[in-house]
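Report on one structure; see the data block that follows.
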Amino acid sequence: MLKESQLCGVNETKFTCALTKFMEDKDNTDLEIMLLLQALYHKYGYDFREYSSAHIRRRIMGRYGLERFGSISEMQNRILNDEVFASQLLQDLSITVTEMFRDPQFYKALREQVIPVLKTYPFIKIWHAGCATGEEAYSMSIVIQEAGLQDRTTIYATDFNQRALNAAKDGIFSNKLMKDFTMNYQLSGGKEEFSGYYAADNNNVIMNQSLKKNIVWANHNLVTDSVFAEVHLILCRNVLIYFNRDLQNKVQHLFYNSLANGAILCLGSKEGLTFMDVAPKYSDVDKKYRIYKKKY
Ligand SMILES: C[S@@+](CC[C@H](N)C(=O)[O-])C[C@H]1O[C@@H](n2cnc3c(N)ncnc32)[C@H](O)[C@@H]1O
């Protein structure tokens, strides 16, 4: 019996036919996706070859469906010849969903268990790797201000998505988000008026300059760029879930080499050091909230 895709050209449009093939022919599709990722890397320097294949497949299929390509090689050709399309695909592959005080209980643990350690340092360097549109770094700036550490702290907030970084630098957020952000702030142990940290107009809020002045925004790619400065705290939350095990391992070495002895690493709730080469070189500060300390 003929497979659905073998009926192409009889009673299917070019697009539905290609999509059906895409779904049926998994091995060839995986190969074509790998070639497409090679094209993206060699032409533009963005390396997604070791991201989780489920994530990559889902995002590429999404764009493939929207643009109604006839084949993945047609999509690859477009990547090579159309920079605007390539940059759209980059946005598709980089998920920038974030919140202020995301996982408030994590921030509570940070306030209670990490801030006292930071207070012992004469100067403090914090690195947010994969900061998206900046909400995480602004949350940290608030925590630092409330702990009275703003005069000796620099927060480096990095991402490889320049569009997200530009939005982060502006620090302008829809005021529709503020109800949830305020609730997160309060659950994280915040005692101030959250509305004191921004100025609002009808549609948006802009974060206070006093929060911005501690943050240095920079474009940094965790896959292709090197070790950051020697830092006292790294937060890389909800980024490594998109990487395969080998790439997670590689990035964990980068973090290990970027941390001072005794410094702290914070990962997202679905991430952790289990199975990582560097795991024995850390002790748990808070297992539940994925907070680790680099051993001396
Ligand atoms: C889901 S957001 C997480 C934002 C924030 N850390 C949080 O937990 O709310 C993931 C971010 O990781 C960034 N990212 C993905 N791959 C990256 C890479 N290779 N280098 C730097 N940033 C990357 C994406 O651009 C995106 O902004």
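Below, all heavy atoms of this structure are taken into account, side chains as well, without hydrogens, waters or symmetry copies.
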At their closest point, which heavy atom of Tyr121 faces which heavy atom of Ile124, and how far apart are they? CB-CG1, 4.1 Å
Hey, are Trp127 and Thr158 close enough side-chain-wise for a donor-acceptor pair under 3.5 Å? yes
Residue that, paired with Met100, satisfies side-chain contact (heavy atoms from CB on, under 4.5 Å) out of Tyr107, Tyr185, Phe194: Phe194
What pairs with His253 under ring pair (Phe, Tyr, Trp, His ring centres under 6.0 Å), at least two apart in sequence or on another chain? none
Mind checking side-chain hydrogen bond (donor to acceptor under 3.5 Å, both in side chains) for Gln91 and listing every partner two or more places apart, or none if nothing turns up? Asn161
State whether the side chain of Lys294 and the backbone N or O of Tyr256 hold a donor-acceptor pair below 3.5 Å, judged by distance alone. yes
Co-members of Ile206 in a cluster of I, L, V, M, F, W and Y side chains, linked at under 4.5 Å: Ile172
Got a second to check how far Leu273's CG is from Gln248's CD, nearest 0.5 Å? 10.0 Å
Please check this pair: side chain of Glu271 against backbone of Asn238, looking for a donor-acceptor N/O pair closer than 3.5 Å. yes
Any donor and acceptor pair, going by atom type alone, linking the side chain of Asn249 with main-chain N or O of Asp277 inside 3.5 Å? yes
Would you call Asp284 and Lys293 a salt bridge, taking side-chain N to carboxylate O under 4.0 Å as the test? no
Whether Asn257 side chain and Val227 backbone form a donor-acceptor pair below 3.5 Å: no
Neighbour count above 12 (heavy atom, 6.0 Å) for Lys287 NZ: no
Mind checking ring pair (Phe, Tyr, Trp, His ring centres under 6.0 Å) for Tyr41 and listing every partner two or more places apart, or none if nothing turns up? none
So do Leu93 and Leu40 actually touch side chain to side chain, heavy atoms under 4.5 Å? yes
Rounded to the nearest 0.5 Å, what separates atom CG in Leu90 from atom OG in Ser94? 6.0 Å
In residues 216-223, what donor-acceptor pairs under 3.5 Å come from side-chain atoms, sequence neighbours left out?
{"from": "Asn219", "atom 1": "ND2", "to": "Gln162", "atom 2": "OE1", "distance (Å)": "2.8"}
{"from": "His220", "atom 1": "NE2", "to": "Ser226", "atom 2": "O", "distance (Å)": "2.9"}
{"from": "Asn221", "atom 1": "OD1", "to": "Val223", "atom 2": "N", "distance (Å)": "2.9"}
{"from": "Asn221", "atom 1": "ND2", "to": "Thr224", "atom 2": "OG1", "distance (Å)": "3.4"}

Asp92 side, atom CG; Ile60 side, atom CD1 - distance, nearest 0.5 Å: 9.0 Å
Result block: side-chain N/O donor-acceptor pairs under 3.5 angstrom for residues 135-142, not counting sequence neighbours:
{"from": "Glu135", "atom 1": "OE1", "to": "Thr133", "atom 2": "OG1", "distance (Å)": "2.8"}
{"from": "Glu135", "atom 1": "OE2", "to": "Thr133", "atom 2": "OG1", "distance (Å)": "3.4"}
{"from": "Glu136", "atom 1": "OE1", "to": "His128", "atom 2": "ND1", "distance (Å)": "2.8"}
{"from": "Tyr138", "atom 1": "OH", "to": "Ala168", "atom 2": "O", "distance (Å)": "2.7"}
{"from": "Ser139", "atom 1": "OG", "to": "Phe101", "atom 2": "N", "distance (Å)": "2.9"}
{"from": "Ser139", "atom 1": "OG", "to": "Glu135", "atom 2": "O", "distance (Å)": "2.7"}
{"from": "Ser141", "atom 1": "OG", "to": "Leu211", "atom 2": "O", "distance (Å)": "2.8"}

Is it the case that Asp180 and Asn184 place a side-chain donor and acceptor less than 3.5 Å from each other? no
Spell out, as yes or no, whether a donor-acceptor pair under 3.5 Å connects the side chain of Lys295 to the backbone of Asn261. no
Not counting sequence neighbours, which residues clear ring pair (Phe, Tyr, Trp, His ring centres under 6.0 Å) with Phe160? List them please. Tyr46, Phe48
Between Lys212 (side chain) and Asp170 (backbone), is there a donor-acceptor pair under 3.5 Å? yes
For Leu165 against Ala157, the heavy-atom pair lying closest together: CD2-O, 4.0 Å
Hey, can you pull the donor-acceptor pairs under 3.5 Å for the side chains in residues 228-237, sequence neighbours left out?
{"from": "His232", "atom 1": "ND1", "to": "Lys125", "atom 2": "N", "distance (Å)": "2.9"}
{"from": "Arg237", "atom 1": "NE", "to": "Leu267", "atom 2": "O", "distance (Å)": "3.3"}
{"from": "Arg237", "atom 1": "NH2", "to": "Asp103", "atom 2": "OD2", "distance (Å)": "2.9"}

Linking I/L/V/M/F/W/Y whenever their side-chain heavy atoms sit closer than 4.5 Å, directly or via other members, would Ile56 and Ile95 fall into one cluster? yes
Sub-3.5 Å donor-acceptor pair from the side chain of Asn208 to the main-chain atoms of Gly196, do we have one? yes
With Arg49, which residues qualify under salt bridge (Lys or Arg N to Asp or Glu O under 4.0 Å), at least two apart? Asp47
Is it true that a side-chain atom of Asp286 and a backbone atom of Lys288 form a donor plus acceptor pair closer than 3.5 Å? yes
Salt-bridge contact Arg78-Glu74 (side-chain N to carboxylate O under 4.0 Å): no
Applying side chain to side chain contact (heavy atoms under 4.5 Å, CB included), run through Gln76 and Leu80 and close with a yes or a no. CA-CA 6 Å; Gln76 180 187 310; Leu80 290 172; 4.2 Å; yes
Would you please name every residue forming a side chain to side chain contact (heavy atoms under 4.5 Å, CB included) with Ser195, sequence neighbours left out? Glu193, Tyr198
Ignoring hydrogens and angles, tell me if any N or O in the side chain of Thr120 forms a donor-acceptor pair with the backbone of Val117 under 3.5 Å. yes
Over 60° means perpendicular and under 30° means parallel, so tell me whether Phe69 and Tyr64 are parallel, tilted or perpendicular. tilted
Has the side chain of Arg63 got a donor or acceptor atom that lies under 3.5 Å from a matching backbone atom of Leu89? no
In chain order, what residues pass the side-chain hydrogen bond (donor to acceptor under 3.5 Å, both in side chains) check against Thr154, with sequence neighbours excluded? none
Quick one: CD1 on Ile215 to NZ on Lys213, what's the gap to the nearest 0.5 Å? 11.0 Å
Residues 141-161 vs salt bridge (charged side-chain N to carboxylate O under 4.0 Å, His left out), sequence neighbours excluded, gives Arg111-Glu146
